[in-house]
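Reviewing the structure listed below.
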Amino acid sequence: MIISVIIVVIGLGGYIAIKKHVEKKKTESELVAMIEHYAGLLGTYKSTSSYNPIKLYLGGDNKAKITINEGKYNERSYLGYWREKKEDYPIEIDFSDSFKIYIGNKERSYCSTLYLYNNRLWESMSAIRSYDYGASELLEKE
């Protein structure tokens, strides 16, 4: 009887120890994946268009900066904030000031919100849903 109780206690203790170890490893791998995701996301992006040079910076403090007509006489910069609702979802970038911008082959006046999705800067969520590439600008990460 005593041997049976000892075996059950040792088995239960081993089960609890293994379960905690597996949970710890899972939490560690999720944390590493999240850090790698944000490390790949943060930084500076530039448009590939020489006609419409755009530079976008996403910071670790959720601050964003967009520079329109970079390197030209009419260069302008705007500050804002970005947020990602969940991974693999468009990043919403809200700017404190509205401005006029050319994205793809479309002009957007009084723009205050843009989206970054699949290395493209999009003028709206509806453009992303309809895959209207004329309303997006391809960006390359520096």
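The first residue of the sequence shown is numbered 1, and numbering continues consecutively from there.
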- Note on the structure: For Leu41, the side chain to side chain contact (heavy atoms under 4.5 Å, CB included) test, sequence neighbours excluded, returns His37, Tyr38, Tyr45, Trp82, Glu84, Ile91

- Query: Does Val9 belong to the same Ile/Leu/Val/Met/Phe/Trp/Tyr cluster as Ile7, with side-chain heavy atoms less than 4.5 Å apart forming each link?
  - Reply: no

- Note on the structure: Closest non-hydrogen contact found for Ser124 with Arg108 is N-NH1, 4.5 Å

- Check whether Trp122 and Phe95 end up in the same hydrophobic cluster, where Ile, Leu, Val, Met, Phe, Trp and Tyr are linked by side-chain heavy atoms less than 4.5 Å apart. no

- Message: Are Leu116 and Glu92 packed together at the side-chain level, in the sense that at least one heavy-atom pair is separated by less than 4.5 angstrom?
- Response: no

- Message: Just checking Ile3: does its CD1 atom have more than 12 heavy atoms from other residues, nucleotides or ligands closer to it than 6.0 angstrom?
- Response: no

- Is there a chain of hydrophobic side chains (I, L, V, M, F, W, Y, each step under 4.5 Å between heavy atoms) that links Leu42 to Ile66? yes

- Which pair of non-hydrogen atoms, one from Gly40 and one from Lys141, has the smallest distance, and what is that distance? O-NZ, 2.6 Å

- Message: Using the rule that Ile, Leu, Val, Met, Phe, Trp and Tyr join whenever any side-chain heavy atoms are under 4.5 Å apart, tell me whether Ile54 and Leu58 fall into a single cluster.
- Response: yes

- Message: Could you tell me if Asn119 and Glu140 have a donor-acceptor pair between their side chains, going purely by distance under 3.5 Å?
- Response: no

- Hey, any chance Tyr133 and Ile103 share a hydrophobic cluster, counting ILVMFWY side chains that come within less than 4.5 Å of each other, even indirectly? no

- The reported gap from CG in Asp94 to OG in Ser112 (rounded to nearest 0.5 angstrom) is 6.5 Å

- Item | Spatial distance of atom CG (Leu138) from atom OG (Ser47) [nearest 0.5 Å] | 9.0 Å

Contacts table for residues 12-21: side-chain donor-acceptor under 3.5 angstrom, sequence neighbours left out:
none

- Message: Could you check whether any side-chain heavy atom of Leu114 comes within less than 4.5 Å of a side-chain heavy atom of Ile101, counting everything from C-beta outward?
- Response: yes

- Query: Just by distance, with hydrogens left out, do Glu107 and Tyr102 show a side-chain donor and acceptor under 3.5 Å apart?
  - Reply: yes

- Message: Test side chain to side chain contact (heavy atoms under 4.5 Å, CB included) on Glu75 and Ile68; report intermediate values, then the result.
- Response: CA-CA 6 Å; Glu75 176 179 304; Ile68 301 168; over 6 Å; no

- Heavy-atom nearest pair, Leu139 first then Leu56, reads CD1-CD2, 4.2 Å

- Query: Testing Lys46, Arg76, Lys65 for salt bridge (charged side-chain N to carboxylate O under 4.0 Å, His left out) with Glu70, which one passes?
  - Reply: Lys46

- Query: With a 4.5 Å limit on heavy-atom distance, are the side chains of Tyr115 and Arg120 in contact?
  - Reply: no

- Task: Answer yes or no: does atom NZ of Lys63 have more than 12 heavy-atom neighbours from other residues, nucleotides or ligands under 6.0 Å?
- Result: no

- Work out which heavy atom in Tyr89 is nearest to a heavy atom in Lys86; give both atom names and the distance. CB-O, 3.1 Å

- Can a salt bridge be assigned to the pair Lys26 and Glu23 using a cut-off of 4.0 Å between side-chain N and carboxylate O? no

- Note on the structure: When every non-hydrogen atom of Ser77 is compared with those of Thr67, the smallest separation belongs to OG-OG1, 3.0 Å

- What one should report as the nearest heavy-atom pair of Glu137 and Gly104 is OE1-N, 2.9 Å

- So, for Tyr78 and Phe99, is the gap between ring centers shorter than 6.0 Å? yes

- Any Cys111 side-chain heavy atom under 4.5 Å of Glu123 side chain: no

